[in-house]
2 protein chains.
Amino acid sequence: MDTLETRELKYFMAVAEELHFGRAAERLGMAQPPLSRAIQQLERRLDVCLLERNRRGVSLTGAGEVLLREGRAALDATTAAVRRTRRAGGTDSAGGHRNRLVLAVKAAASHELLQKLLDAYAVEPDAAEIEVLPGGTCEQEEMLRDGRADVALMHSPYDSLAGFDSEELLTEGQIAILPAGHPLAAHKTLSLADISDIPDLPLARWPRHGTYPPGPGPEIHDQTQLAQLIALGRTMAVFPDSARAWLWAEHTAVPLTDAHPIVTHIAWPPHSRSLALAGLIRTAAQL
Amino acid sequence: MDTLETRELKYFMAVAEELHFGRAAERLGMAQPPLSRAIQQLERRLDVCLLERNRRGVSLTGAGEVLLREGRAALDATTAAVRRTRRAGGTDSAGGHRNRLVLAVKAAASHELLQKLLDAYAVEPDAAEIEVLPGGTCEQEEMLRDGRADVALMHSPYDSLAGFDSEELLTEGQIAILPAGHPLAAHKTLSLADISDIPDLPLARWPRHGTYPPGPGPEIHDQTQLAQLIALGRTMAVFPDSARAWLWAEHTAVPLTDAHPIVTHIAWPPHSRSLALAGLIRTAAQL
DNA sequence: CCCTGTCATACCTGGTGGGTATCACTGACG
DNA sequence: CGTCAGTGATACCCACCAGGTATGACAGGG
């Protein structure tokens, strides 16, 4: 009896994330009692206690935490299988565009490298069609894991390359982007200590998974907003060197001496067997 | 409608591997008609043609091949989730042995490195109990993928490290193990060309996934058998250098000049978060 | 031309996933 | 200290569908 249906796994993930049967059931679009029963059956079948039902709420046991982590990977693998299968099938029998790669990139990342890559790949003899899929901060990892993308440009150490194959493409230092008139902008270089917790220039907050982290900085959701707020002297930002490409006249870039370098990788799922993907990776490695 | 139940995936995998509904149904312990229907429903739901039903047999479409590959990974991830959850739960609530790592090793691999690793780890302050799980050729990868093991010693280039995190532990050359009396045993070194297709010393065949590859050599399933057959002058073998440890008086080891070196890695699933595992890896890296 | 092997169709049934109503329990609050 | 709100568990019911059996359609081989 070591079977685990996708449906049950979804149920458990919902409960494990909400830590509340009612809300989890609502999120799943079902009533609470069947959900309770399903989780009980699951625990009985696996012969494992997954949740600690304290009165007033639910908490995860050790085994529950393991299943939360491993189950996420399993669910991602399953939805990835579906997505990639549909794409492979697509207009398949109708002889449609079978050769197509989805490349996930960070919207805020350097266009220069991407442009070079796309140009270099386009002249390859067996070039597939590349669909560029821009995403938010750290979303590339997720897109690669759940099959929305076939290959991604990722930025270590922000993105985790764990579980992917990858090639290093580019290493660059980081710069602080400051309002041109700010006192700090006069420095030739800065250290991280210099720019942390400056009251008049709080770091802006990007949404991650739809919610904003707490903090004093303004909430933003695109690069233009950020550029404008910096120009207005309301905030500052830390970016890889290549961000100089989009600076305004009202901005000043100051190199950071002690920030870790940003390494851009091209990454892909480890068992990919597509010729088109292999070509793209070869092209990238030769840049 | 992008859902895919584990059960359906199992069904598809069976059909895709057998390429025959009747045999697949038998393997699944069910009748053929429901299986046919399930696959049809799956194809309709995904809106993808997975199988080409030629009269006289079945073949995979492109999309079917994708699902076979991705689905294997998804199923492995699911069973891994179950296995690791059960292990984490185990005698959990009863306060039993929660700290336990399963280490997959090749039965035929060098005991020297393994011994050093286990000894070094045993003295760690937070050392978990290590269960050594010996497996056949290239089985480590499978065991790590489907959760039977938490960590493994693998041997590149034989094992694929794709999708795992790993650390290099040891690089060694390869030797030919010959009957002491054989003419070739007199050489100081040999090349791969020297020892390929020698009529009186055909390479022995190990089972892989329960079946033996075709060839002239004897079928064996353990190292002692192999040692005996070499001693009897019936076969020869190619092994990493550390195999010298178990040679008999009737054996002669001759270095191979042009065989690729064997690199032993310690490998683990990329998203592991166990403290015990981290300790073992740290210990291994310091050997 | 029939027989065999293959997958698809038709139909039936039992198990079960899901719904509603309700219970049992606990902590908060007047 | 009684009441109430909020939680998860239980009881019961129904519809749906997974799976079985019987059979059909169709191709290839003797």
Side-chain angles (χ1 to χ4, degrees), chain A residues 1-61 63-65 67-68 71 75 78 93, chain B residues 1-61 63-64 67-68 71 75 78 82 93:
Chain A
M1 288 301 168
D2 55 344
T3 179
L4 174 61
E5 287 305 314
T6 307
R7 181 179 45 80
E8 301 178 289
L9 193 46
K10 279 183 185 155
Y11 289 179
F12 172 75
M13 302 295 289
V15 176
E17 282 172 8
E18 299 283 350
L19 291 177
H20 188 289
F21 279 80
R23 280 195 299 275
E26 188 181 7
R27 200 173 98 182
L28 292 165
M30 66 188 290
Q32 169 258 321
L35 178 58
S36 278
R37 197 182 47 177
I39 300 288
Q40 285 177 323
Q41 284 175 347
L42 179 61
E43 288 181 299
R44 281 230 332 272
R45 190 141 37 81
L46 298 188
D47 194 27
V48 161
C49 180
L50 298 170
L51 298 167
E52 197 84 41
R53 277 89 159 172
N54 311 318
R55 311 283 165 203
R56 225 69 182 176
V58 177
S59 61
L60 286 171
T61 66
E65 281 176 37
L67 186 57
L68 178 59
L75 268 187
T78 306
S93 51
Chain B
M1 291 299 164
D2 54 345
T3 181
L4 174 61
E5 288 304 317
T6 307
R7 181 178 44 80
E8 302 178 290
L9 193 46
K10 278 184 185 156
Y11 289 180
F12 172 76
M13 302 294 288
V15 175
E17 282 172 9
E18 298 282 350
L19 292 177
H20 188 287
F21 279 81
R23 279 194 300 275
E26 188 182 5
R27 200 172 98 182
L28 292 166
M30 65 186 292
Q32 168 260 322
L35 179 57
S36 278
R37 198 183 47 177
I39 300 289
Q40 284 176 323
Q41 286 175 344
L42 180 61
E43 287 180 301
R44 282 228 329 272
R45 191 140 37 81
L46 299 187
D47 194 27
V48 159
C49 180
L50 297 170
L51 298 167
E52 198 84 42
R53 278 87 156 173
N54 311 318
R55 311 280 164 208
R56 226 69 182 174
V58 178
S59 62
L60 285 171
T61 65
L67 186 57
L68 178 58
L75 268 188
T78 306
V82 173
S93 52

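Letters go in sequence order (proteins before strands), and every chain restarts at 1.
Rounded to an integer number of Å, the gap from Q41(A) CD to dG15(C) C1' is 11 Å. The distance between atom CE of M30(B) and atom P of dC7(C), rounded to the nearest whole Å, is 14 Å. The distance between atom CZ of R53(B) and atom P of dC26(D), rounded to the nearest whole Å, is 16 Å. Look at CZ on R23(B): it is 13 Å from C1' on dC7(C), rounded to the nearest Å. To the nearest angstrom, P of dG8(D) lies 7 Å from CD of Q32(A). Taking atom CG of residue L50(A) and atom C1' of nucleotide dG8(D), one finds them 16 Å apart after rounding to whole Å. For the pair E26(A) CD and dT7(D) P, the computed distance is 11 Å after rounding to whole Å. Computed from coordinates, the R7(B) CZ to dG17(C) P distance equals 11 Å when rounded to whole Å.
Within the 4.0 angstrom heavy-atom criterion, no nucleotide atom of any strand lies near E5(A). Backbone-only contact: Q40(A) has heavy atoms under 4.0 Å from sugar-phosphate atoms and none from a base. Nucleic acid contact for E8(A): none, since no nucleic acid atom lies under 4.0 Å from a heavy atom of the residue. Note on R37(B): a base of the nucleic acid sits closer than 4.0 angstrom, heavy atoms only.
Applying the salt bridge (charged side-chain N to carboxylate O under 4.0 Å, His left out) test to R45(B) and every residue at least two apart in sequence or in another chain returns E8(B).
If you take OG1 on T78(A) and CG on L75(B), they are separated by 7.5 Å, rounding to the nearest 0.5 Å. To the nearest 0.5 Å, atoms CZ (R7(B)) and CZ (R7(A)) are separated by 9.0 Å. How far CZ of F21(A) is from CD1 of I39(A): 5.5 Å, rounded to the nearest 0.5 Å. Remark: E65(A) CD to L50(A) CG distance equals 11.5 Å, nearest 0.5 Å.
When the nucleotides dT6(C), dT20(C), dA8(C) are ranked by their closest atom to the side chain of A31(A), dT20(C) comes out on top. Closest approach to the F21(B) side chain among dG20(D), dA8(C), dG8(D) is made by dA8(C) (side chain taken as heavy atoms from C-beta onward).
For dC7(C), the OP1/OP2 oxygens have no side-chain nitrogen or oxygen of S36(B) closer than 4.0 Å. The side chain of H20(B) contributes no N or O atom lying less than 4.0 Å from OP1 or OP2 of dG5(C).
Each of Y11(A) and P33(A) has a nearest nucleotide on DNA chain C; the 5'-most of these lies closest to Y11(A).
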